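The chains referred to below are lettered A, B, ... by the order of the sequence lines, with proteins before strands, and numbering in each begins at 1. As the structure is a computational prediction, the values presented were derived from the model and not from experiment.
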Protein chains: 2
Amino acid sequence: MKPTIYDVAREAGVSIATVSKVLNNNGRISDKTRKKVHLIMEQLNYQPSMVASALTSQRTGTIGLMIPDIANPFFAEAARFFEDYAQQAGSDLIICSTDRDDEKAARYISLLQRKRVDGLIIASHVGNPELIHRLLENKVPTVLFSADVRLLDCNSITVDDYKGGYIATEYLLALGHRRLGIISDNLPGSRYREQGFLDALEAHGVSLDHPDHMVQTSATLENGRKVAHRMLGEEGGQRPTAIFACNDLLAIGVLQEAREAGLNVPEDLSVIGFDNTMLADICHPSLSSIAQPLRDMTEQAMQLLNESIDDPEATKRKISLPPELVIRNSTSKALE
Amino acid sequence: MKPTIYDVAREAGVSIATVSKVLNNNGRISDKTRKKVHLIMEQLNYQPSMVASALTSQRTGTIGLMIPDIANPFFAEAARFFEDYAQQAGSDLIICSTDRDDEKAARYISLLQRKRVDGLIIASHVGNPELIHRLLENKVPTVLFSADVRLLDCNSITVDDYKGGYIATEYLLALGHRRLGIISDNLPGSRYREQGFLDALEAHGVSLDHPDHMVQTSATLENGRKVAHRMLGEEGGQRPTAIFACNDLLAIGVLQEAREAGLNVPEDLSVIGFDNTMLADICHPSLSSIAQPLRDMTEQAMQLLNESIDDPEATKRKISLPPELVIRNSTSKALE
DNA sequence: GTGAAAGCGCTAACAC
DNA sequence: GTGTTAGCGCTTTCAC
């Protein structure tokens, strides 16, 4: 069996309380016994059980990260930041891919609670706000990430989606484009991006050419292609000269479909994405995109979470961070 | 406070032993009390503490997944499979990105042991075999994934790297290429891919044109570009007409650099990658690649791990699975 | 069928 | 400075 604190205490000729104290570096312990205990721990290859300490201390040192899919680069990148920040705080992460399925989410939430995680980061849209609501009732430290539930009094970190949509659109307008299309996915955040798009158009006196130039779909490469196929299939005069896709995957679908249709990007069609994932650098042409400030967002999320762990009654905060336009090679001036 | 098994027992008018039994669905319990207990659990919103049960049962229901970087698509995709298979077994995953840094790896290994995870999947090359060795000594259920340590008697799942290198090369030779280049990274697995490459060349009576056509570097996009820049910079007659990159990221670097150099892929240069990540579909032209059978590999890894958890003394096994050639648009016949 | 009681390996209050 | 002891919330014999 693995050595326990009792084994260490016996071998060192002290009590378990003493061992516990040197372990946690608290209480007054003489240098001599400290050294002695350390030595014995070394010899026995003692590895204190965090499950036992969690039982008493009520801290597991693990936090749950709920995301739609860890295989999705945006969330994988976010997870990496979370992992690093968690580690700084001495914690680690349990990864939960929900596939945006509320049942899966509910199962994971329940599991995480039974595991007594110290807190939850929910970076996956949860359709049923009741799930979050229950978490809050149970006083489980929680922060919503990149997906807020406005009506709920909860912590959240988001990028300013509205502004993101607005600046993407303004940029395209500044390039001289007047026939714009938008492909967004069916999440709340994307509604704000859409609204930013529409308001930017209006502010510049431009109107949406055709209702079909604004479509919602779930965010996959394949769907990006499908929608683009329809949008670009129209006869020359009608087709948009620039498309704003509400995430990079959709945008890359557009890129691929444009090529299929014999259009050159950016000469014949400008495309801009959202999220600024590593994919934007890998596709061709490289993709202009609205960046979410992931590093900042994750850092602030972890900070909020930690505050919430330290004081579960702390006032909830909703923090929104500004997006940033990253220009690459998929956008250019509109032809006259 | 959260309700405990005592609260449930009291409200239901039974003992905690009984509650425990209905919880775990074992022992003989009358339907009546079972119902009653379930009802009370519902009413109290009872969430049994897995940390307490872990303390007695010696099972935490969590496994540690060590990878180089969760933000790397290959490992993110693998993690997703692991997560799904773990879930089927009622477990979840703690993600540990090591950045291939042995110190980080050591810290994580220690942490995971203190957390008393049920097992470890190590999908990150660990330079110091001593780390793994100690794990084995401690009888921690462990399986190495996509990275073996031959000399160690441990479980491992790998793709047949040698064969992967061989079939990639054979394929290029079959297309008529005679001046081949290879870019590999500096991991043990890649050594086998290289050997497959060399043996395939030899078997077909082709020799490596130039020592500079075989280079090792760490596997990043940037390094792929750098190496390609040198390889393709040579005067026409000397430059390879096909390059085998030992992973997709390197291959995509080659693609980008080829474009930079005014070369058309695949007309002027064929490129084949390894891993067949989602990136292969996203870059342009889409990338031919040697696929690791990730789904199979992860499934078998989880199975090995579970066996090892059930019987830590079980005989260790090393399983190697066949790679598969996936042809896309980055490879074509050599020009005459 | 059900319950009493002894752990599991720690922490923390308190006594000395 | 160090030790005693009572939990933390479960599981699991073993009686009854």
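Although no hydrogens or angles enter the test, the distance criterion places no donor-acceptor pair under 3.5 Å between the side chain of Thr62(A) and the main chain of Thr60(A). Not one N or O on the side chain of Asn138(A) forms a donor-acceptor pair closer than 3.5 Å with the backbone of Val140(A).
If you measure from atom NZ of Lys115(A) to atom P of dG9(D), you get 18 Å, rounded to the nearest angstrom. The CZ atom of Arg116(A) sits 7 Å away from the P atom of dC10(D) (whole-angstrom rounding). Rounded to whole angstrom, the span from the CG atom of Asp7(B) across to the C1' atom of dC8(D) amounts to 13 Å. Look at NZ on Lys2(A): it is 11 Å from P on dG9(C), rounded to the nearest Å. Lys32(A) has its NZ atom 12 Å from the P atom of dG1(D), to the nearest Å. Following rounding to the nearest Å, Arg10(B) (CZ) and dG3(C) (P) show an atom-to-atom distance of 15 Å.
Of the side-chain N and O atoms in Thr18(A), none sit less than 4.0 angstrom from OP1 or OP2 of dT2(D).
Tested against Lys318(A), the residues Thr158(A), Asp148(A), Asn155(A) include a single side-chain hydrogen bond (donor to acceptor under 3.5 Å, both in side chains) partner, Asp148(A). Screening Leu23(A), Val8(A), Ile5(A), Thr4(A) for a side-chain contact (heavy atoms from CB on, under 4.5 Å) with Ile16(A), the sole residue that qualifies is Ile5(A).
For Ser30(B), counting side-chain heavy atoms from C-beta on, the closest listed nucleotide (dT2(C), dG9(D), dT2(D)) is dT2(C).
Note on residues 71-83 of chain B: pairs passing salt bridge (charged side-chain N to carboxylate O under 4.0 Å, His left out), not counting sequence neighbours, are Asp69(A)-Arg80(B), Asp99(A)-Arg80(B), Arg80(B)-Asp84(B).
The neighbour count for Glu103(B) CD, taken as heavy atoms of other residues, nucleotides or ligands under 6.0 Å away, does not exceed 12. Heavy atoms from other residues, nucleotides or ligands lying under 6.0 Å from CD of Glu137(A) number more than 12.
Of the two residues near DNA chain D, Ile29(A) and Leu55(B), the one whose nearest nucleotide lies more 5' is Ile29(A).
Annotation: side chain of Arg34(B) is in contact with side chain of Asn25(B) (closest heavy-atom distance under 4.5 Å). A heavy-atom distance below 4.5 Å is found between the side chains of Arg295(B) and Tyr85(B).
Heavy-atom distances under 4.0 Å link DNA chain D to no residue of residues 34-51 of chain A.
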Query raised in the report: Could you run down nucleotides 11-16 of chain C 5' to 3' and tag each one B, S or - for protein heavy-atom contact under 4.0 Å?
Result: BB----
